[in-house]
Structures are given as C-alpha cells and as structure tokens.
Amino acid sequence: MQKAKSATTELGVPTSYAADLERSERTSELLRELVAHLRQNRTLLREEWVARISEARLLTAMTQEEIFNEATSVYDSYVAALETGTFEALQAYARNLSERIIPRGVETHEVVGIVLLLRDVLARSLFAKYQTDFKKLNQILDAYEPAANRIANTVAVGFVQERERVIRQQQEAIRELSTPVLQVRERLLILPIIGVIDPQRARQLTEQLLRGIRTNRAKVVVIDITGVAAMDATVANHLVQTVEASRLLGATVIVTGLSPEIAQTLVTIGVDLGKMNTVGDLQGGIEQAERLLGYKVVPVT
Amino acid sequence: MEVPILKQGLFLIATIQAALSDADLVQLRSALVHQVVRCRSLGVIVDVTAMDVLDSFASRTLLEISHMIRLRGADTVIVGIQPEVAFAMVQLGLTLEDIPTALDLEEGLAYLQQKFPSAH
C-alpha cells in the first residue's frame, strides 16, 4: 500500500491521492464516532428495530424471543462490520443464520426486509442525533451509507447463496433416486419413469436402459411414462432417440401412459410415429410385449 | 485388415474384429455382395461388436450392404452394436432405419432361422 502510494506520487498525481487519503481518514474517524453512538444506544435501537420487524410482519415463522436474540446478534455483527470494515465475520454469521432459518420457511424478502429496516432505524437515530448540525449529518451519512449498503448486500447474498446450495443439494438427491430397469419376464424389461425429466436425467435413463438391454438380453422394453406430467421438446427428442438406439441393440420399445400434454409435444416436434410404438396404459403395454415375445396368459381353470 | 466371412448353413457371417478403415469397409461390402449369391445364402449377419465407433461412412456402408444384398435376394442383420455406440449413432441421425438389428450373433441367427424356418 505504502509503496504503491509513493510510486503514484512519483508519476505526478499526488493531489488526488492525498485527498483520497484525507477523505478516508475522515471517513474512518466518522465511522468510529458512529460506532460509539451505536454501542451507546444498543438497547434502545435494538428494541426499536425489533418493534419495526413485528410491525412489518416479517419473520412470522419465528417467536418474539427468537427474533430478539437473532436481532441482538445481527446488531452486534453489524456494528462490528462497520467498525472493522471487514465482512467475513458478518458473512459467516449470515450463512449460519440462513442455514438455521431456511428450513423454517423464512423467505428472501423477509431477510432483505429486516436488514433494510435495521439500516433505516440506525439512519433515523443519526438524523435525531445530528439534527442541529446538517454538515456533520451529511458527513456521517456519507460514511455510513456505503458501509450499510454493503452490509445489506452481504447478508442478502449470503442468504440467497445458502438457498441455492440447498436447492443444488436437493437436485442432487433427486438425481440419485435412480430409475430401476426391471425384468418382469424372460427378455422383457420395464422402465417406469416418475417425476420431472431434465436433459441430464434423460441421459442417465438412456444409459441405464441400454445397459439393461445388454445385460438382460431383452427383446422388448416397456417404458412407462404415466408418472411424467410433461416434457419439453429436448427431452421428447431424447425419448425418441432412446427408442431408436434400443432398436439398434435389437430390442423393441413400447411407450405407455403418454399424457395428453406429452402427446401434443411429440406431435408438435414432428416425431415420426412409425418409429414409436405406443400403448395407452402399462397393462396394455405389457400385454402387447407378451404377444411380441410369444407368451400367452391363460387363466387357470 | 480383411474381414473373414464364414458360411454357416444357409447364412453368411462377417465378424468385424477391429476398427476398420473406409477402404476395408468398401472391401467388405464388395466381398459380401459377391459371396452371397455364390454361396446361395438366404441371409447375412454383420457382427460389429468390436467396433467402438460407427461413423457416418460406416453406417452408410452398412446401409448399402443391406440394400445391395436385398437386391441379390437375401436379408441382412446387423448384430452387436454397443449401447454407447447406438446412442451416439442416433444422436448423429444414423438410425439404420430399415435394417433388422439384433443384440448379438446368437440373436441374429435366431432371427434369420425364424424368418427362414425351412433353412434348418
């Protein structure tokens, strides 16, 4: 830092740097004063803040006592962040807080809302304190606002990141719920698909099915998509490709349980229906598969 | 590398042992088209189990083999396409539309024997 400064001076632009330095010193002095003020009025401001939170009906999933405890911690971290200018501790606290409150259904707007309320409460207290000295008030706000905005930003980003982490984790869990390839008769496989198919899952399904055809030496495969409400054109195309690839391995594919939406998608993307063998429901599909394999089911008399 | 063509009853079996160059494929095509009538075969099986890649030239050649052999009065079955190869081919739009396919040699023979019951 020192070195960089002197180098710049040699280059002949010392004035703006000196001004910057002076300004930053003044800012830190103002921040110190600000922090002292916030420490002094900690109890009062914290209560005021909690009252504003309840008034705005935020954090309704939490009890008053919990809100008060969290508010105390947030307040202290907030003041510490203002004092030190470093945000790591606050970031860690925000992440920790998010981890605790996300499972309880606290929404993003509530978290952003309470941080902004704290900012407002503190700004109001500054107005009240410096109302006789406008110049001072301006200076204090100049120092306070950027720091406060950065804090609000840090907390909101921390919360959203934590949310996204949870979402990613859940996606991973869903992906790992493998779709079984089941053999119901000699050379007859069933692949029941349930839930949403994204391109990645579609790929995985195809791989599993083609491998299943090999290992079970299947001649007929019934893919049941009763449990799939809708699919986009990419996935529908992938389904058609799976049918074609299975044929290259010598297996016939019967698709059952197409919903009206999926039927529309398939027609819209212009699938060659000559390649697709479709039957209304799983039972019909298995019956047709049995016919193809030469089985005949007769009731025991 | 030349592909061995074996006569098995009324069928011909061509087993590709390794990756083939384009020239080898063309050579295989002409050998099969010649031999199918010379051996009075009813069906031809091309076994591609050993091929890790079936590019557009190979697919087209297989299609041509099938069509030429049909004109010579016999059927062609492609057997042993690997799962990964099958999906890659489909993504490239190479679906070998009207050629019968089977899982492996055994299945291919079963297919032909079912089609020509008098052959055995």
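Hydrogens, waters and symmetry mates play no part in the numbers below; they use all other heavy atoms, side chains included. Per chain, numbering begins at 1; letters A, B, ... match sequence-line order.
At most 12 non-hydrogen atoms from other residues, nucleotides or ligands lie less than 6.0 angstrom from CD of Gln8(B). The number of heavy atoms from other shown groups lying within 6.0 Å of CZ (Arg104(A)) is above 12. More than 12 heavy-atom neighbours from other residues, nucleotides or ligands sit within 6.0 angstrom of NE2 on His67(B).
When every heavy atom of Leu96(B) is checked against every heavy atom of Leu248(A), the shortest pair comes out as CD1-CD2, 3.7 Å. Of all heavy-atom pairs between Ala86(B) and Ala245(A), the closest is CB-O, 3.7 Å.
Within the 4.5 angstrom heavy-atom criterion, only side-chain atoms of Glu106(B), from C-beta onward, approach chain A. For a residue to count as touching a neighbouring chain, one of its non-hydrogen atoms must lie under 4.5 Å from one of that chain's; by this rule Leu94(B) touches chain A with the backbone only.
When the candidates Val77(B), Ile99(B), Val85(B) are compared by the number of heavy-atom contacts under 4.5 Å with chain A, Ile99(B) comes out ahead.
Counting heavy atoms from C-beta outward, Arg217(A) and Glu107(B) have side chains that approach closer than 4.5 Å. Considering only heavy atoms from C-beta on, Leu103(B) comes within 4.5 Å of Ile213(A) through its side chain. Proximity of Phe87(B) to Thr242(A): side-chain heavy atoms (C-beta onward) are separated by under 4.5 Å at one or more points. Residues Arg211(A) and Glu84(B) are in side-chain contact: their nearest non-hydrogen atoms beyond the backbone lie under 4.5 Å apart. The shortest distance between side-chain heavy atoms of Thr101(B) and Leu249(A) does not fall below 4.5 Å.
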Residue pair Glu97(B), Arg247(A): steps toward the salt bridge (charged side-chain N to carboxylate O under 4.0 Å, His left out) verdict:
CA-CA 9 Å; Glu97(B) 300 243 333; Arg247(A) 196 196 74 85; over 6 Å; no
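For the atom pair Gln91(B) CD and His238(A) NE2, the distance stands at 7.0 Å (nearest 0.5 Å).
Taking 4.0 Å as the cut-off between side-chain N and carboxylate O, Asp104(B) and Arg214(A) do not count as a salt-bridged pair.
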